[in-house]
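Worksheet for the structure shown next.
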2 protein chains.
Amino acid sequence: MSVYTPAEVVEETGFTLDTLRYYEKIGLLEPVERNSSGQRRFSEEHLSWLGMVRCLRDTGMPIAQMLRFAELSRAGDHTIPDRIKLLEEHEQHVQAQIDNLAARRGYIRNKISYYRSVL
Amino acid sequence: MSVYTPAEVVEETGFTLDTLRYYEKIGLLEPVERNSSGQRRFSEEHLSWLGMVRCLRDTGMPIAQMLRFAELSRAGDHTIPDRIKLLEEHEQHVQAQIDNLAARRGYIRNKISYYRSVL
DNA sequence: ATCCCACCTGGAGCGGACTCCAGGTCAACC
DNA sequence: GGTTGACCTGGAGTCCGCTCCAGGTGGGAT
């Protein structure tokens, strides 16, 4: 089972080292193993969890809710229905964002057309 | 030419009064006329500008950039090409957001399917 | 006359999500 | 054996975009 240095995780996930430390501190990331001199060695599981975190974060989920999801995930398989519910609600939210952006984009394009017509 | 009370503008634009005052203070909103006792009376132009602001804000444009757009708008018609450029760039940005959200949404749906398959 | 309500001002405070800093450790390379 | 570089810690600071507050004014209803 391979492990990853901080630099590798930064490279792979796109999070800064400070952000990773912050996520660990607040419990969004499970405690990370250390080597003999105290440096972090991330696991495969950390990486895949960080993929999820990136997805949720980039779709606008607040940290508080990601924390809730993290707790459910740690609590065992009986929380899977709750996790499904949480993700479904979030998916709806993402869809709403998309629809909203598409509508606003229409407004912007109109404005551009108007400006073009005035030139 | 009709004017609008603060309460009416709040109602129509969905911004809070504090936000409107804040926008005026930082120059995102042109100085608002006052009645004899110092209360704001917004114009039709304010309302339509606020519509634009709402659109830009809700598509994630930072205030600094909205300010730049506001300045261009005040500077006269010769800035229309610049405004078009700014809006076009923003529209690209909005499209990128949409694409990104759609991709992330796929990831979330996959995760949901996976959870369902595990139940 | 008094009460309430909408509004005013300047300035402080807040919440979220980091981001930076000082001072220190260790391992490795020259 | 000295320097470099990646990393450590705890805690303070930053940025953005508001949001709230105290104290005050003016106008309309009872």
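Here is the naming used below: chain letters follow the sequence lines, and residue numbers restart at 1 for every chain. Given the structure is predicted, the values throughout are model-derived calculations rather than measurements. Values below: every heavy atom of this structure, side chains too, minus hydrogens, waters and symmetry copies.
- Between the Glu24(A) side chain and the Val32(A) main chain, a donor and an acceptor come within less than 3.5 Å of each other.
- Taking the side chain as every heavy atom from C-beta outward, Arg104(B) and Asn100(B) approach each other to under 4.5 Å.
- Between Glu24(B) atom CD and dC8(C) atom C1' the separation is 11 Å, expressed in whole Å.
- If you check residues 89-100 of chain A against DNA chain C, you find no residue with a heavy atom closer than 4.0 Å.
- A side chain to side chain donor-acceptor pair (under 3.5 Å) with Tyr4(A) holds for exactly one of His46(A), Arg40(A), Glu44(A); it is Glu44(A).
- Aromatic ring pairs are classed by plane angle as parallel below 30°, tilted from 30° to 60° and perpendicular above 60°; the pair Trp49(B) and Phe69(B) is parallel.
- Within the cation-pi definition used here (under 6.0 Å to the ring centroid, within 45° of the axis), Lys111(A) does not qualify as a partner of Tyr107(A).
- Residue Arg40(A) has no polar side-chain atom (N or O) positioned under 4.0 Å from OP1 or OP2 of dC7(D).
- Rounded to whole Å, atom P of dA6(D) lies 13 Å from atom CD of Glu8(A).
- Separating the CD atom of Glu33(A) from the C1' atom of dC7(D) is a distance of 17 Å, rounded to the nearest angstrom.
- One can place CZ of Arg34(B) at 8 Å from C1' of dC8(C), the figure rounded to the nearest angstrom.
- Of the candidates dC8(C), dT9(D), dG27(D), the closest approach to any side-chain atom of Ser37(B) belongs to dG27(D).
- For the pair Glu11(B) CD and dA6(C) P, the interatomic distance rounds to 13 Å; values are reported in whole Å.
- In this entry the distance linking CZ of Phe42(A) with C1' of dC7(D) reads 11 Å, nearest Å.
- The cluster map of Ile, Leu, Val, Met, Phe, Trp and Tyr, joined by side-chain heavy atoms under 4.5 Å apart, puts Leu29(A) and Val10(A) in the same cluster.
- If you take CG of Asn35(A) and P of dC8(D), they are 9 Å apart, rounded to a whole angstrom.
- Within a 6.0 Å radius of CD in Glu33(A), other residues, nucleotides and ligands contribute 12 heavy atoms or fewer.
- Between Arg109(A) and Arg105(A) there is a side-chain heavy-atom pair separated by less than 4.5 Å.
- Side-chain heavy atoms closer than 4.5 Å link hydrophobic residues (I, L, V, M, F, W, Y) into clusters, and following such links, even through other members, never connects Val3(A) to Leu17(A).
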Distances for protein N/O vs nucleotides 10-19 of chain C N/O pairs under 3.5 angstrom?
unit_1, atom_1, unit_2, atom_2, d
dA17(C), OP1, Ile63(A), N, 3.4
dA17(C), OP2, Ile63(A), N, 3.3
dC18(C), OP1, Arg57(A), NH1, 2.8
dC18(C), OP2, Tyr23(A), OH, 2.7

